[in-house]
Amino acid sequence: MTRRIAREHSAPVRAALSRPAAQQPDWPDRKCADAVAASLRTLPAIVTPGETARLRERLRAVARGEAFLLQGGDCAETFTDNTPTHVRGNVALLHRMAALLATAAGRPVVRLARAAGQYAKPRSASTDAAGLPVYRGDIINARTATVAARTPDSGRMRQARIHAARTVDVIRAAQVGTYVSHEALLLDYEAAGLTTYGSSVRSGLAHFLWIGERTRALDGAHIALAALLANPIGLKIGPTTTPEEAVEYAQRLDPQCEAGRLTLISRMGHDRVRDVLPPIVEKVTAAGHFVVWQCDPMHGNTELLASGFKTRDLGRILDELEGFFEVHRELGTYPGGLHLELTGDDVTECVGGTCGLAEHDIPDRYRTACDPRLNPSQALDVARHAARLLRR
Ligand code: PEP
Ligand code: MN
């Protein structure tokens with residue numbers, strides 16, 4: 001599929017966008033998608049450069065071990081569930097967890113919501129079990145299991161932008177000091193949110209953007225675009241990442257070795273983290289990068305049950321978290337943050353924890369549009385566990 005690259009973009013942005021990109025939809029009407037992208041470029045930014053610069057400062061403190069980063073929210077936001085009540089519930093949960101962590105760690109906690117743009121999902125197969133085109137997130141198609149609903153519809157990018165702006169309004173009204181982030185996956189949408197100031201390119205769509213496990217090809221468009229951004233950047237690293245690759249990512253995404261510019265979000269799996277992470281941390285640190293080391297204990301621990309539900313076991317989540325802390329304690333580096341899929345709604349998606357949720361409870365309130373999220377009780381279990389580890 002060809003992506004039209006708007007003439008308005010600067011040469012470096014055009015060069016980045018012209019690289020191969022994984023996980024992009026095949027819009028049935030390219031002209032229509034271009035018209036939507038053009039209309040998005042005329043809209044005001046969702047976040048301000050001042051706020052983004054402030055987050056960059058806060059992450060510098062995290063990288064230096066003077067603060068802790070708590071990032072969390074839905075795996076996939078949806079247009080129908082993005083009600084003010086839902087958004088406020090998620091942010092309030094982040095707030096409670098941050099308070100616990102701050103008390104234990106004796107240092108401030110930076111709260112970063114996975115919200116206001118988390119609408120595009122990378123998928124491992126292009127069709128689902130029924131042979132229909134797979135659901136790729138509300139910004140691309142609908143979950144309803146019909147060919148019509150699953151056909152990519154570029155008009156959804158406009159709806160996403162409206163929802164994102166509203167979500168940020170709700171977050172701003174509820175609480176000061178919460179930043180927003182999402183995976184920079186859908187390039188037509190992301191490119192339309194860029195502003196170029198001299199040689200610096202900034203996304204006005206979120207304070208922080210990350211590149212996911214499935215789109216981190218070293219020579220691909222996502223990494224090239226992330227390298228250009230003035231926003232602080234995250235990168236998911238999974239169990240197949242080699243220490244050499246990790247250094248290469250750090251060189252491209254943090255060429256000036258600026259503390260907190262890059263957050264490496266490790267999602268190794270509870271049984272791999274203790275083996276895979278140490279040489280990565282050692283090599284990246286030896287190369288002079290002060291990254292934020294963040295643990296995503298969710299994505300390496302997803303299981304598909306015979307019932308067809310995807311779930312995650314809290315025991316494994318806590319084990320990966322422990323392994324992550326062990327690795328950093330051993331190496332003398334700083335375990336700087338947590339990245340979680342969670343919701344303030346009382347869902348039954350992950351199993352285990354003090355709420356005693358078991359496999360047979362899963363169908364009761366399984367509401368996620370994509371991956372299983374922690375409910376408030378489970379999320380607070382994780383926060384308490386992390387607090388204990390930080391106190392040591
Ligand atoms: C996610 O964060 O929802 C996600 C898809 O993660 P990863 O890229 O680590 O698989
Ligand atoms: Mn997910």
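Every number for a ligand or one of its atoms is a count from 1 in the order of the listing.
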**Asked** Would Lys121 and Asp138 pass as an ion pair if we require N to O under 4.0 Å?
**Response** no

**Request:** Give the residue and atom name of whichever protein heavy atom lies nearest to atom 5 (C) of ligand 1, and the separation in Å to one decimal.
**Result:** Pro122 CG, 3.6 Å

**Message:** Test ring-ring contact (aromatic ring centres under 6.0 Å, His included) on Tyr189 and Tyr119; report intermediate values, then the result.
**Reply:** CA-CA 10 Å; Tyr189 181 76; Tyr119 299 111; 7.4 Å; no

**Asked** Angle class for the His339/Trp210 ring planes (parallel below 30°, perpendicular above 60°, tilted otherwise)?
**Response** perpendicular

**Prompt:** Do Glu258 and Arg56 sit within salt-bridge range, that is, some charged N less than 4.0 Å from a carboxylate O?
**Reply:** yes

**Asked** Which residue and non-hydrogen atom of the protein lie closest to atom 10 (O) of ligand 1, and at what distance in Å?
**Response** Arg267 NH2, 2.9 Å

**Request:** Number the atoms of ligand 1 from 1 as they appear, then name those within less than 4.0 Å of a heavy atom of Arg114, with their elements.
**Result:** 1 (C), 2 (O), 3 (O)

**Message:** Assigning hydrophobic clusters by single linkage (Ile, Leu, Val, Met, Phe, Trp, Tyr; side-chain heavy-atom cutoff under 4.5 Å), is Val281 placed with Val276?
**Reply:** yes

**Prompt:** Among Arg114, Gln294, Arg111, which residue meets the side chain to side chain donor-acceptor pair (under 3.5 Å) test with Gln71?
**Reply:** Gln294

**Prompt:** With His299, which of Glu213, Glu341, Glu320 fulfils side chain to side chain donor-acceptor pair (under 3.5 Å)?
**Reply:** Glu341

**Request:** Of all N, O or S atoms in Glu341, identify the one at the shortest distance from the Mn ion (ligand 2).
**Result:** OE2

**Complete:** Looking only at non-hydrogen atoms, the one of Lys236, Arg123, Glu213, Glu341 nearest atom 6 (O) of ligand 1 is Lys236

**Prompt:** Counting heavy atoms not belonging to Phe290, are there more than 12 under 6.0 Å from its CZ?
**Reply:** no

**Message:** Give me the residue, atom name and distance of the protein heavy atom closest to atom 4 (C) of ligand 1.
**Reply:** His299 NE2, 3.4 Å

**Message:** Within the 4.0 Å heavy-atom shell around Cys75, which atoms of ligand 1 are there?
**Reply:** 3 (O)

**Prompt:** Strictly under 2.8 Å, is any N, O or S atom of His299 next to the Mn ion (ligand 2)?
**Reply:** yes

**Message:** Any salt bridge linking Asp346 with Arg367? Criterion: basic side-chain nitrogen under 4.0 Å from a carboxylate oxygen.
**Reply:** no

**Asked** Any ion pair linking Lys310 and Glu303 (charged N to carboxylate O, less than 4.0 Å)?
**Response** no

**Request:** Looking only at N, O or S atoms, find the one in Asp371 nearest to the Mn ion (ligand 2) and name it.
**Result:** OD2

**Message:** Are any of the N/O atoms on His339, whether in the backbone or the side chain, positioned under 3.5 angstrom from an N/O atom of ligand 1?
**Reply:** no

**Message:** Using a 4.0 Å cut-off to any heavy atom of Lys121, which atoms of ligand 1 qualify?
**Reply:** 1 (C), 3 (O)

**Asked** ligand 1 and Gln118, any nitrogen or oxygen pair closer than 3.5 angstrom?
**Response** no

**Prompt:** Is the closest N or O pair between Trp210 and ligand 1 shorter than 3.5 Å?
**Reply:** no

**Item:** Where ligand 1 meets Gly212 - atom numbers and elements under 4.0 angstrom, heavy-atom basis
**Value:** 8 (O)

**Message:** Below 4.0 Å, non-hydrogen atoms only: which portion of Ala76 touches ligand 1? Side chain, backbone, both or neither.
**Reply:** neither

**Message:** Under 4.0 Å from a heavy atom of Arg214: which atoms of ligand 1 are those, numbered in the order shown and with their elements?
**Reply:** 10 (O)

